[in-house]
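Taking it in order: structure first as structure tokens, then the write-up.
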Amino acid sequence: MTGTSVDLVILGGGSGGYACALRAAELGMSVVLVEKDKLGGTCLHRGCIPTKALLHAAEVADAARDGDRIGVLSAVSGIDMAGVNAYKDGVVGKLYKGLQGLVSARDIEVVTGTGTFVAPTAVEVDGERYVGANVVLATGSSARSLPDLEIGGRIVTSDQALTLDEVPDRVVVLGGGVIGVEFASVWRSFGAEVTVVEALPRLVPNEDEFASKQLERAFRRRKIKSRTGATFAGAKQTGDAVTVSLEGGADVEADLLLVAVGRSPNSTGNGFADAGLATDRGFVRVDERLRTNLAGVHAVGDLVEGPQLAHRGFAQGIFVAEDIAGLNPPVIDEAGIPRVTYCEPEVASVGLTETQARERHGEIQTLTYDLGGNGKSQILRTSGAIKLIKAGAPGTEGPVVGVHMVGARVGELVGEAELIVNWTATAGEVAQFIHAHPTQNEALGEAHLALAGKPLHAHA
Ligand code: NAI
């Protein structure tokens, strides 16, 4: 076996792995990045980017369908999935090329092949051993299914759902979490009949209950059926349909069943257990500085328990590179990570839910600002609301600890919400800042005016 020694060996070239590689190279480290598929990982090739391209195509379809309502005579005469896929693949391809260029410009050695982690700080690929002073594990996650539910044919995960060559007429989406509601939204906009089956009592159950209620109402208006609190009993495929059975409920027949019940960390088959790496329910165990139980070995991204978000992966990758370089970066506060679900309407939040805020702070105050009072939202013909959660009793000056938003394009507002929560601003402080009129952003400003006791286009 031949060998190469560098400062840092990274296993996995997704969001966490490549961000770590880019930052480490910037800091002067020699880096080997091992990737068995394509640089960019799930986010770029099978996740964030292609799904958001589909969601944009869905938005265009909705706009064309609704044009008549504002005097623009338009209609959707069909969805050409070949065209949609070409657009989506074009976006991914351009970003992929850009990423490859960045990585090569920083002299990162990319090794293409399946890497096996071998203790203490080495990765083997096709008989070649890459030894690092440090190793970062960043092998990501994969769509999971249920024990008796085999993926194949009409039963798909998001991986296959991204490459369909036609729009199914009827779809059942199993799981009303982030992936479930995003695909439900796309297919409905493309004209399908959609039923979402969720085991818990509400859609997007990780969000504040306010957001679930708003989204469920909007989905009802869009004629997306939601079966919440439903127990999945099985699915049977025949030649031309798949029949989904729910306990105590009627069967639902569809052309396609999307299984979106969560993603599992890719922690088996990579040599982790043999190397003595500690895991917990499949997640690599790390401390707050993302150090594993093995000296010199870190883990980042979906492999590590917590929100499975690309931007968390980027932040963790950068954190680890800086930590190894001795820059002593501050520990990442996961409650401060913004979350956006890009269905129509969008759901965006940062900080604590009302339940979490009560647990942590005892007395709290909440305020809900309806987008009905926001001019730009009316122009866009969207409905929804913003909910603020403040620590401390009503009438006291406490920091805003949670912002929850539902409405078209509210994902773009989460940047300001994130600064408010992470800089522990009070409503009074935010109310001092002038928001441009007419923007949707202004709704966030007005919500804070109202919480500070001086509402403009809202009731006190
Ligand atoms: P998820 O955990 O968000 O949702 C899975 C849902 O399936 C849960 O609501 C769960 O209660 C439900 N479920 C589980 N077993 C079930 C059963 N037997 N019957 C009915 N429902 C069942 O996971 P999801 O949507 O698969 O996404 C995976 C990860 O990817 C998440 O962590 C998500 O945050 C991330 N992601 C983020 C996106 C974004 O930031 N916009 C987009 C897509 C995914």
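Quick note: numbers below take in every heavy atom, side chains included, and nothing from hydrogens, waters or symmetry partners. For ligands, and for the atoms within them, numbers begin at 1 and follow the listed sequence.
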Any carboxylate oxygen within less than 4.0 angstrom of a Lys/Arg side-chain nitrogen, looking at [X] and [Y]?
| X | Y | result |
| --- | --- | --- |
| Asp66 | Arg381 | no |
| Lys387 | Glu209 | no |
| Arg23 | Glu322 | yes |

Can you find a pair of side-chain heavy atoms, one from Val401 and one from Arg360, that are under 4.5 Å apart? no
Side chains of Val252 and Arg170 in contact at under 4.5 Å (non-hydrogen atoms): no
Parallel under 30°, tilted from 30 to 60°, perpendicular over 60°: which one fits the rings of Tyr87 and His56? tilted
I'd like a table of the close N/O pairs between ligand 1 and the protein (anything under 3.5 Å), one pair per line with both atom names and the distance.
unit_1	atom_1	unit_2	atom_2	d
ligand 1	3 (O)	Val178	N	3.3
ligand 1	9 (O)	Glu198	OE1	2.7
ligand 1	9 (O)	Glu198	OE2	3.2
ligand 1	11 (O)	Glu198	OE2	2.6
ligand 1	21 (N)	Ala199	N	3.1
ligand 1	25 (O)	Val178	N	3.2
ligand 1	25 (O)	Ile179	N	2.8
ligand 1	26 (O)	Gly262	N	2.9
ligand 1	32 (O)	Gln308	OE1	3.1
ligand 1	40 (O)	Val340	O	3.3
ligand 1	41 (N)	Glu182	OE2	3.0
ligand 1	41 (N)	Val340	O	2.7

